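Some notes on the structure that comes next.
Hydrogens, waters and symmetry mates play no part in the numbers below; they use all other heavy atoms, side chains included. This structure is a prediction, so every number in the text was calculated from the model and none was measured.
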Amino acid sequence: MARGESGGQPSEARSRLLNTATRIFYGEGIHSVGIDRIVAEAQVTRSTLYRHFPGKEDLVLAYLSQVDQAMRAQADRAADGALSAADTLRALSESIAQGIQSPGFRGCAFLNAAAEYPDPDHPAHRAVLAHRQWFLETVTELLARIHEAPAEAAARHFVMLRDGAMAAGCLFDSTLVCDTFLDGVEGLLRAHAASNPANPADA
């Protein structure tokens, strides 16, 4: 446990450092931002930063972990126990679309990080792959509740729709992009449900 933390709760300085780094890394990129900038904007000393994060790589990994946790929470909010699997995917898709249309949207934080850390052995790249594997498994599990057989193939299709929407949302009219994404999700759900006519209630 880092100094300044107790009972598993992060210190105020650590939270400020991580929130500052998250905002800047996402908005401007990781490699382009130096430690001095983060220290200055978080209003802490360099020694405080190094007490919590021994190096920039540790801060980058904490940033990716924080984004991962936020996206897991987003998926949890969509997974209302009263919803069918298909409606849970619809709710998750709507949440993704809202994010794309939010101020300051700059694409998928994990795809952005992968572009900056292409080495598959780098810890940041591995963190990206771990997050994407979780997301794929989450979608696969939902689609399997509709129809098990081609669930992973359909889930990969969903992930590609999401990736395309997040990339296009930075470049084009985000409303049009999101409408196209949501239409694509509906088409995917219809096709997936049609392959299992014995279980139409979950579609």
Shortest non-hydrogen contact from [X] to [Y]?
X      : Y      : result
Arg106 : Gly27  : NE-O, 2.6 Å
Tyr26  : Gly107 : OH-O, 2.6 Å
Ser174 : Gly169 : CB-O, 4.2 Å
His125 : Pro120 : CD2-CA, 3.5 Å
Ser93  : Phe181 : O-CE2, 3.5 Å
Ala155 : Leu136 : CB-CD1, 3.7 Å

Does the pair [X]/[Y] count as a salt bridge with the N-to-O cut at 4.0 Å?
X      : Y      : answer
Glu186 : Arg90  : yes
Glu152 : Arg156 : yes
Asp68  : Arg72  : yes

Check: [Y] main-chain N/O paired with [X] side-chain donor or acceptor under 3.5 Å:
X      : Y      : answer
Asp58  : Gly55  : yes
Thr138 : Trp134 : yes
Asp163 : Leu111 : no
Ser95  : Leu92  : no
Arg126 : Asp121 : yes
Glu116 : His31  : yes

How far does [atom1] of [X] sit from [atom2] of [Y], to the nearest 0.5 angstrom?
X      : Y      : atom1 : atom2 : value
Asn19  : Glu41  : CG    : CD    : 12.5 Å
Asp173 : Gln101 : CG    : CD    : 8.5 Å
Leu17  : Glu12  : CG    : CD    : 9.0 Å
Glu141 : Thr88  : CD    : OG1   : 10.5 Å
Leu188 : Leu89  : CG    : CG    : 8.0 Å
Gln66  : Thr22  : CD    : OG1   : 4.0 Å

Co-membership, hydrophobic cluster, residues Val177 and Ile96, 4.5 Å side-chain: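 Looking at the clustering, Ile96 is in a separate group from Val177.
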Leu129 reachable from Leu61 in the ILVMFWY side-chain graph, under 4.5 Å edges: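 No; Leu129 is not reachable from Leu61 via cluster members.
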Side chain to side chain, [X] and [Y], heavy atoms closer than 4.5 Å:
X      : Y      : answer
Met166 : Phe105 : yes
Leu143 : Leu189 : yes
Phe158 : Leu142 : no
Phe135 : Arg132 : no

Taking Phe25 as the fixed residue, which of Val67, Ile38, Leu64 is the one that meets the side-chain contact (heavy atoms from CB on, under 4.5 Å) rule?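 Of Val67, Ile38, Leu64, side-chain contact (heavy atoms from CB on, under 4.5 Å) with Phe25 is met by Ile38 alone.
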Side chains of Glu94 and Gln98, donor plus acceptor under 3.5 Å: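 Glu94 vs Gln98: no donor-acceptor pair found between side chains.
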Kindly indicate, with the supporting measurements, whether the criterion side-chain contact (heavy atoms from CB on, under 4.5 Å) is fulfilled by Thr48 and His52. CA-CA 7 Å; Thr48 297; His52 294 289; 4.0 Å; yes
When you look at Thr20 and Arg23, which way does the side-chain contact (heavy atoms from CB on, under 4.5 Å) test go after all the steps? CA-CA 5 Å; Thr20 299; Arg23 172 175 54 81; 3.7 Å; yes
Please walk me through it: do Lys56 and Ile30 pass side-chain contact (heavy atoms from CB on, under 4.5 Å)? CA-CA 10 Å; Lys56 183 177 177 180; Ile30 297 171; 4.2 Å; yes
